[in-house]
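Quick notes on the structure that follows.
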Amino acid sequence: MIKLVRGFKDILPADTALWQHVEALARELLEDFGFYELRIPLLEQTELFSRSIGAGTDIVEKEMYTFTDRGGASLTLRPEATASVVRAYVQHRLYAKDPVWKLYTIGPMFRRERPQKGRYRQFYQINAEVFGVDDPRTDAELILLLMRFMGRLELPDITLQINSLGCPECRPRFKNALESFLTSHSGQLCSDCLRRQDQNPLRLFDCKVPSCKETMQDAPSVLDHLCETCRAHFGSVKESLEGFQVPYQINHGLVRGLDYYTRTTFEVLAESLGAQDAVAGGGRYDGLVKALGGPEQPGVGFAIGLDRLIELLAGRAQVFEKRPHVFIAAIGKRAQSVGFQWLQDLRLQRVRAEIDFENRSLKSQMRRADKLEASYVLIVGDRELDDGIAVLRNMTTKEQEKVPLENIISFVVNRIDTTAVGSR
RNA sequence: GUGGGUGUAGCUCAGUAGGCAGAGCACCGGGUUGUGGCCCCGGCGGUCGAGGGUUCAAAUCCCUUCACUCACCCCA
């Protein structure tokens with residue numbers, strides 16, 4: 001048997017209804033907030049990611065699916081969406097028509113990590129990006145949108161954490177302070193942290209080793225090193241969130257894994273997910289558009305991890321499954337051919353109808369109707385055909401009524417509430 | 001990349017002093033002539049993850065390998 005590739009997965013019919021529901025809700029909300037959908041390719045030039053995400057990051061260094069295509073170009077399956085969205089914004093000069101764009105995209109990303117709970121090599125994200133506005137209310141609005149989405153899904157036990165990483169003005173000052181702190185405390189750090197110290201010193205803030213945690217409590221905070229404008233910006237984000245009663249925690253150790261982030265960063269965490277507890281994350285990236293060859297335009301965005309979100313919603317999938325409205329139980333050859341005609345006619349009227357082609361006993365056909373959770377069963381055999389009727393049984397009330405064969409389709413259509421999702 | 005746990009029927013799992021591969025659920029049929037769920041009876045279904053070794057005999061012991069899973073790491 002040929003099996004699927006490690007770290008990849010099939011999303012089976014038992015779950016697709018839930019995925020569709022979540023995606024539809026996201027589209028609805030995003031479009032209410034003025035976002036337009038952008039569809040971008042799965043494959044990009046490798047350089048796009050090494051330049052945006054950062055050549056030294058783990059993603060670029062050891063997690064990308066990169067290959068040389070037959071023409072000799074180095075291509076990469078996208079490990080995230082923002083780089084592609086920025087590329088499209090720049091390449092098509094969207095900024096020339098209007099510098100302000102609110103774009104979203106939904107689709108799979110690829111990272112070759114070791115699979116575990118909530119971490120797959122192909123995983124799905126909903127991405128939203130806003131270009132051309134550096135007003136802190138945009139940051140807040142984006143977070144509000146995100147939290148409304150979570151609220152609409154009725155997710156339990158989620159927390160929002162926010163932080164500011166500063167800008168090219170103030171970040172170097174903080175980095176210096178942090179570096180000298182780390183150098184003087186290197187004796188108390190674990191081997192992982194000593195390795196991270198040069199590559200990505202901010203990461204030390206979320207090390208899980210107790211001694212590191214303790215040491216880092218005395219480490220300098222980014223928030224104490226923000227310049228005047230960054231401080232004001234962050235203050236305004238917080239103020240807006242409070243104005244909309246969005247509860248948040250400040251986590252000065254909150255870091256993004258990608259180099260391009262500036263100022264506001266945020267993450268939505270769900271404890272019940274286990275080690276991979278970030279359901280959504282994002283932040284501002286004011287230098288990225290320019291770094292990718294575009295004009296000096298600010299940007300801010302987020303990504304929602306769909307796989308993890310669905311995980312949180314596990315068990316609710318059944319609610320969104322669509323059961324048949326009518327099951328046609330046809331006994332005998334003559335009835336079978338009449339029933340097959342009705343089946344197609346009902347579907348023309350957007351009634352979900354099913355039939356069994358095996359010409360089995362009425363008992364088996366009833367059993368099948370029950371298994372499919374059909375709302376009604378339309379019973380027809382030689383007896384009914386001779387009398388010019390069929391029997392319509394309501395499976396919940398067990399009431400049966402005789403239906404004349406002429407106009408039978410419209411009769412059934414009227415009995416059924418085609419707007420109802422399930423049948424019970 | 002590093003560690004731990006687990007691989008037996010479609011699913012959830014039993015099965016060790018090595019001795020005929022099991023249960024529940026699911027699926028199919030039946031419980032008198034044309035009516036579902038509950039109950040009863042019967043049936044279908046397995047290269048015991050794969051390869052090798054020890055043995056008269058291996059799901060069980062040994063070696064190798066693969067997969068899944070959780071955690072580290074990393075991140076949505």
Side-chain angles (χ1 to χ4, degrees), chain A residues 1 3-9 12 14 53 57-64 79-82 106-128 146 190-193 195-196 199-200 203 206-209 254-258 261 265-270 273-283 301-312 327 329-332 335 356 358-384 391-400 424:
Chain A
M1 190 189 357
K3 289 197 277 197
L4 84 186
V5 177
R6 180 170 165 78
F8 288 62
K9 67 172 174 185
L12 298 173
I53 298 170
T57 58
D58 274 23
I59 295 178
V60 170
E61 235 172 38
K62 43 197 191 200
E63 294 175 3
M64 295 201 306
E80 60 113 28
T82 305
I106 302 178
M109 310 297 154
F110 304 85
R111 291 182 202 171
R112 201 185 175 291
E113 299 176 271
R114 187 82 174 252
Q116 73 181 76
K117 185 180 168 71
R119 188 166 77 183
Y120 306 95
R121 290 180 172 182
Q122 174 175 334
F123 59 100
Y124 295 80
Q125 286 189 344
I126 300 171
N127 279 263
L146 187 57
C190 69
S191 54
D192 273 330
C193 282
R195 177 178 54 78
R196 279 183 289 229
Q199 280 226 321
N200 197 352
R203 273 287 164 207
D206 47 28
C207 183
K208 282 154 190 156
V209 177
L254 178 65
V255 185
R256 310 273 71 231
L258 301 80
Y261 283 102
T265 58
F266 52 91
E267 217 164 85
V268 177
L269 304 172
L273 283 176
Q276 307 298 318
D277 61 353
V279 200
F302 65 70
I304 299 169
L306 264 175
D307 311 76
R308 294 178 187 178
L309 194 65
I310 298 287
E311 176 88 11
L312 288 173
F327 183 89
I331 312 137
D356 184 88
E358 306 293 319
N359 193 19
R360 279 191 273 227
S361 68
L362 180 58
K363 186 194 180 99
S364 332
Q365 297 196 50
M366 290 300 292
R367 247 206 284 269
R368 179 153 181 79
D370 184 60
K371 195 178 92 173
L372 296 174
E373 295 185 69
S375 311
Y376 289 86
V377 175
L378 189 57
I379 301 167
V380 61
D382 288 334
R383 200 142 94 201
E384 287 75 18
V391 173
L392 186 64
R393 177 180 175 88
N394 182 322
M395 292 294 273
T396 19
T397 65
K398 298 180 174 187
E399 283 166 347
Q400 300 197 163
R424 292 186 174 179

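Proteins come first, then strands; the chains are lettered A, B, ... in the order of their sequence lines, and each starts at number 1.
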Enumerate the protein-to-nucleotides 64-69 of chain B contacts in which both atoms are nitrogen or oxygen and the separation is below 3.5 Å.
{"residue": "B:C68", "atom": "OP2", "partner": "A:Arg6", "partner atom": "NH1", "Å": "2.5"}

Look up atom [atom1] in [X] and atom [atom2] in [Y], then write down how far apart they are to the nearest 0.5 Å.
X: A:Lys371; Y: A:Met366; atom1: NZ; atom2: CE; result: 15.0 Å
X: A:Ser361; Y: A:Arg367; atom1: OG; atom2: CZ; result: 7.0 Å
X: A:Tyr120; Y: A:Phe110; atom1: OH; atom2: CZ; result: 15.0 Å

Nearest-angstrom distance, [atom1] atom, [N] to [M]:
N: B:A21; M: B:A59; atom1: C1'; value: 8 Å
N: B:G42; M: B:C61; atom1: C1'; value: 39 Å
N: B:C75; M: B:U16; atom1: P; value: 46 Å
N: B:U2; M: B:G46; atom1: P; value: 38 Å
N: B:G1; M: B:U8; atom1: P; value: 25 Å
N: B:A9; M: B:G22; atom1: C1'; value: 10 Å
N: B:A58; M: B:G52; atom1: C1'; value: 13 Å
N: B:U60; M: B:G18; atom1: P; value: 12 Å

Nucleotide [N], atom [atom2] - distance to [atom1] of [X] in whole Å:
X: A:Asn394; N: B:G36; atom1: CG; atom2: C1'; answer: 13 Å
X: A:Leu12; N: B:G10; atom1: CG; atom2: P; answer: 16 Å
X: A:Arg393; N: B:G36; atom1: CZ; atom2: P; answer: 7 Å
X: A:Met395; N: B:G37; atom1: CE; atom2: P; answer: 9 Å
X: A:Met366; N: B:U35; atom1: CE; atom2: C1'; answer: 5 Å
X: A:Gln276; N: B:A76; atom1: CD; atom2: P; answer: 11 Å
X: A:Glu311; N: B:C70; atom1: CD; atom2: C1'; answer: 12 Å
X: A:Gln400; N: B:U35; atom1: CD; atom2: P; answer: 10 Å

So, is [X] close to the [N] phosphate, meaning a side-chain N or O under 4.0 Å from OP1 or OP2?
X: A:Lys363; N: B:G34; result: no
X: A:Ser364; N: B:G29; result: yes
X: A:Arg119; N: B:C70; result: no
X: A:Arg203; N: B:C73; result: no

When you compare the protein's N or O atoms with those of nucleotides 24-26 of chain B, which come within less than 3.5 Å of each other, and at what distance?
none

Item to check | Toward the 5' end of RNA chain B, by each residue's nearest nucleotide, A:Lys62 or A:Arg112 | outcome: A:Arg112
Item to check | Toward the 5' end of RNA chain B, by each residue's nearest nucleotide, A:Ile379 or A:Arg368 | outcome: A:Arg368
Checklist entry - Closest heavy-atom contact between A:Gly118 and A:Arg308? => result O-NE, 2.7 Å
Item to check | For the student: nearest non-hydrogen atoms of A:Lys9 and A:Asp307, plus distance | outcome: NZ-OD2, 2.9 Å
Checklist entry - Can any side-chain N or O of A:Arg393 pair as donor or acceptor with the backbone N or O of A:Val377 at less than 3.5 Å? => result no
Next on the checklist: Please check this pair: side chain of A:Gln365 against backbone of A:Ala330, looking for a donor-acceptor N/O pair closer than 3.5 Å.
Outcome noted: yes
Item to check | Close side-chain approach of A:Val209 to A:Cys193, heavy-atom, < 4.5 Å | outcome: no
Base, sugar-phosphate, or nothing for [X], non-hydrogen atoms under 4.0 angstrom?
X: A:Gly118; value: base
X: A:Asn127; value: nothing
X: A:Ala369; value: nothing

Under a 3.5 Å limit for both distances, which nucleotide forms a Watson-Crick or G-U wobble pair with [N], could you say?
N: B:A58; result: none
N: B:G42; result: B:C28
N: B:A67; result: B:U6
N: B:C72; result: B:G1
N: B:C20; result: none
N: B:G36; result: none

Pick out the pairs of N or O atoms, protein on one side and nucleotides 38-41 of chain B on the other, that lie under 3.5 Å.
none

Item to check | Pair of N/O donor and acceptor under 3.5 Å linking B:G34 base with A:Gln365 side chain | outcome: no
